[in-house]
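To keep things clear, I will list the structure first and then write my remarks on it.
Just so we're on the same page: letters track the sequence lines, and every chain starts at 1. Computed from heavy atoms alone, side chains included, the values below leave out hydrogens, waters and symmetry copies.
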Amino acid sequence: MIDINLIRENPQLVKDNIKKKFQDYKLPLVDEVIELDKKKREIQSEGDRLRAQRNTLAKQIGVLMREGKKDEAEEAKLTSKNNNDRIAQIEVETAELEEKIKKNMMAIPNIIADDVPLGKDDSCNVEGKKYLEHAEKPFEVPYHLDILESLGGIDLDSARRTSGNGFYYLTGDIARLHSAVLSYARDFMIDKGFTYCIPPYMIRSDVVSGVMSFEEMDGMMYKIEGEDLYLIGTSEHSMIGRFMGNILPETSLPQTLTSYSPCFRKEKGAHGIEERGIYRIHQFEKQEMIVLCKPEESDYWYEKLWNYTVELFVSMQIPVRQLICCSGDLADLKYKSCDIEAWSPRQKKYFEVGSCSNLTDAQARRLGIRYKASSGKNEFVHTLNNTVVAPPRMLIAFLENHLQPDGSVNIPPVLRPYMGGKDKIVPKK
RNA sequence: GCAGAGAUGGCGGAGUGGUCGAACGCGCACGACUCGAAAUCGUGUUACGGGCAACUGUACGGGGGUUCGAAUCCCUCUCUCUGCGCCA
């Protein structure tokens with residue numbers, strides 16, 4: 001959500017930004033907001049005047065009653081009562097206007113960064129730097145599910161019976177590897193100075209509607225029956241929700257947090273759970289990083305964050321690249337975003353393992369997360385989030401890249417302490 | 001889960017129908033004193049919105065109601081504390 005003052009003062013900038021994102025159908029929203037806002041302010045002035053009158057009258061009535069002037073007091077009461085009808089009417093109208101304005105404002109995208117490449121959709125995303133050369137494998141790399149099965153590390157059949165499609169049992173060394181990756185990633189971020197946090201895995205509807213749109217909510221979130229609770233789709237939801245409505249002291253910024261949680265997603269819509277395996281599932285685990293900082297520092301943190309993910313993957317000897325998200329593929333709340341993609345030796349291409357975003361003040365405005373600036377004014381913070389690692393998906397990259405001709409999978413040195421010293425996982429006979 | 005008490009500014013805490021956006025204290029900012037500091041004294045200090053401005057509106061956990069008028073009364077939800085019960 002952008003600042004309504006920006007629309008009042010510079011509607012052209014807002015419109016140009018919408019065009020840059022190829023959302024021309026949203027252009028009328030800007031003028032609509034301007035008009036609704038004008039109307040709202042007019043009506044609000046009238047309401048304020050009437051309320052001021054009511055306040056004055058109320059005070060007078062108090063005085064009259066004390067002086068025992070009953071008749072005059074009754075007369076004033078009547079005047080006030082008549083005013084109240086109009087005030088009530090104005091209140092309803094104002095609420096309606098505000099709701100319409102808010103609805104439009106939610107749909108108007110955040111102003112994107114100057115250096116975001118322009119493009120209609122994900123086909124226009126721009127490749128950034130690559131890290132680690134991917135060596136050609138001298139053998140055919142099987143589908144990740146086949147690798148997992150040969151290592152005795154997965155049971156999808158049982159999961160389908162207990163929970164349906166989109167769930168899995170990980171077993172033995174693979175399950176241990178999954179935990180090892182998370183533990184290693186957690187310690188990696190702690191070493192970078194981040195504060196480790198385990199958040200609630202369920203949140204209330206007011207938090208949910210603060211962090212996403214209704215459509216997103218419908219497509220992603222699982223609701224707990226009979227309770228005002230939803231399973232989180234990512235720990236970002238509860239991590240950011242934690243600061244809702246807060247005014248933070250300037251000295252507490254930046255907040256650099258790394259959180260662990262399981263993530264629950266319906267995955268309704270575009271893709272669904274059509275992919276065989278563990279690429280897209282209803283439940284997975286993720287280590288996340290979150291930063292709340294002063295506006296002038298968010299560009300700095302953005303670069304820092306995605307580079308941490310790169311560093312982490314490189315330390316596990318998995319080739320990755322940065323993919324810069326183009327204007328048309330950028331979600332409305334985002335100022336800038338990029339994916340970190342890992343190399344798949346089987347598909348001979350990169351695939352997404354994480355996503356880093358700078359939302360500037362758009363999310364903070366929506367959730368009322370501010371800080372007391374040294375100027376004395378309360379300003380909105382900037383929020384950023386990035387995947388440290390989401391093991392089930394990263395395991396695909398891991399297995400494919402570390403697979404040996406004999407079917408075993410090497411464990412890179414950084415993970416061995418978390419695997420009881422093991423340096424490889426070998427196939428089950 | 002049951003019963004009772006409670007939720008007020010950055011914090012503590014008064015206020016139980018009108019003159020309360022809110023005493024007092026802490027904290028913070030500025031100033032005085034000082035070579036400098038501590039202590040002390042003085043001044044200022046809730047947030048959000050409308051208006052060029054004077055000024056004005058709203059908000060006392062959330063929502064609703066009673067009233068000319070609500071921090072104050074009623075309903076409801078959430079949370080906290082105390083006691084009892086239950087339980088990893």
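Each of A:R204 and A:K81 lies near RNA chain B, and the nucleotide nearest A:K81 is the one positioned closer to the 5' end. Closest-nucleotide positions on RNA chain B for A:N84 and A:M65 were compared, and the one nearer the 5' end corresponds to A:M65.
The same atom, P, is picked in B:rG6 and in B:rG57; the two are 32 Å apart, to the nearest Å. Separating the C1' atom of B:rG13 from that of B:rC24 is a span of 8 Å, rounded to the nearest Å. Between B:rU46 and B:rG51, the distance separating the two P atoms is 23 Å to the nearest Å. When the C1' atom is used for both B:rU19 and B:rG69, the distance is 13 Å, rounded to whole Å. Only the P atoms considered, B:rC20 is 43 Å distant from B:rG36, to the nearest whole Å. Rounded to the nearest Å, the gap between the P atom of B:rC55 and that of B:rA29 is 30 Å. A distance of about 27 Å separates the P atoms of B:rG4 and B:rA71, rounded to the whole Å. Between B:rC26 and B:rG44, the distance separating the two C1' atoms is 16 Å to the nearest Å.
Chain A approaches RNA chain B over the interval B:rG18 to B:rC79, counting the first and last nucleotide 5' to 3' with an atom under 4.0 Å from its heavy atoms.
The residue A:A76 sits apart from the nucleic acid: no heavy atom pair falls under 4.0 Å. Base engagement by A:I61 is indicated by at least one non-hydrogen atom pair under 4.0 Å involving a base atom. Residue contacts for A:D228: at a heavy-atom cut-off of 4.0 Å it reaches no nucleic acid atom on any strand shown. Nucleic acid contact for A:N83: none, since no nucleic acid atom lies under 4.0 Å from a heavy atom of the residue. Within 4.0 Å of A:R365, counting heavy atoms only, lies no atom of the nucleic acid at all. Nucleic acid contact for A:D206: none, since no nucleic acid atom lies under 4.0 Å from a heavy atom of the residue.
Aromatic ring centres of A:Y335 and A:Y302: separated by at least 6.0 Å.
Remark: of the listed residues A:L330, A:V116, A:D339, A:D122, A:L330 is the sole one forming a side-chain contact (heavy atoms from CB on, under 4.5 Å) with A:C325.
When base pairs are accepted only as Watson-Crick or G-U wobble with both N-N or N-O distances under 3.5 Å, RNA chain B takes part in stems of 3 or more pairs at B:1-7 with B:78-84, B:10-12 with B:24-26, B:27-32 with B:40-45, B:46-50 with B:55-59, B:61-65 with B:73-77.
Taking the six-membered ring where tryptophan is involved, the planes of A:F167 and A:H282 are tilted, since the angle between them lies from 30° to 60°.
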| request: Test salt bridge (Lys or Arg N to Asp or Glu O under 4.0 Å) on A:R51 and A:E91 and set out the steps. | output: CA-CA 11 Å; A:R51 268 188 290 260; A:E91 266 166 14; 3.3 Å; yes
| What's the verdict on side-chain hydrogen bond (donor to acceptor under 3.5 Å, both in side chains) for A:T387 and A:K286, showing C-alpha distance, side-chain angles and the deciding distance? | CA-CA 7 Å; A:T387 317; A:K286 180 156 68 82; 5.1 Å; no
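Between the side chain of A:K81 and the backbone N or O of A:D85 there is no donor-acceptor pair closer than 3.5 Å. Proximity of a side-chain donor or acceptor of A:S163 to a complementary backbone N or O of A:R160 within less than 3.5 Å is not detected.
No side-chain donor from either of A:R366 and A:Q363 sits under 3.5 Å from a side-chain acceptor of the other.
Ion pairing of A:R41 with A:D37 is present here, as a side-chain N (NZ or NE/NH1/NH2) and a carboxylate O approach within less than 4.0 Å.
Within the structure, the salt bridge (charged side-chain N to carboxylate O under 4.0 Å, His left out) test picks out the following pairs touching residues 295-314 of chain A (sequence neighbours left out): A:K192-A:E311.
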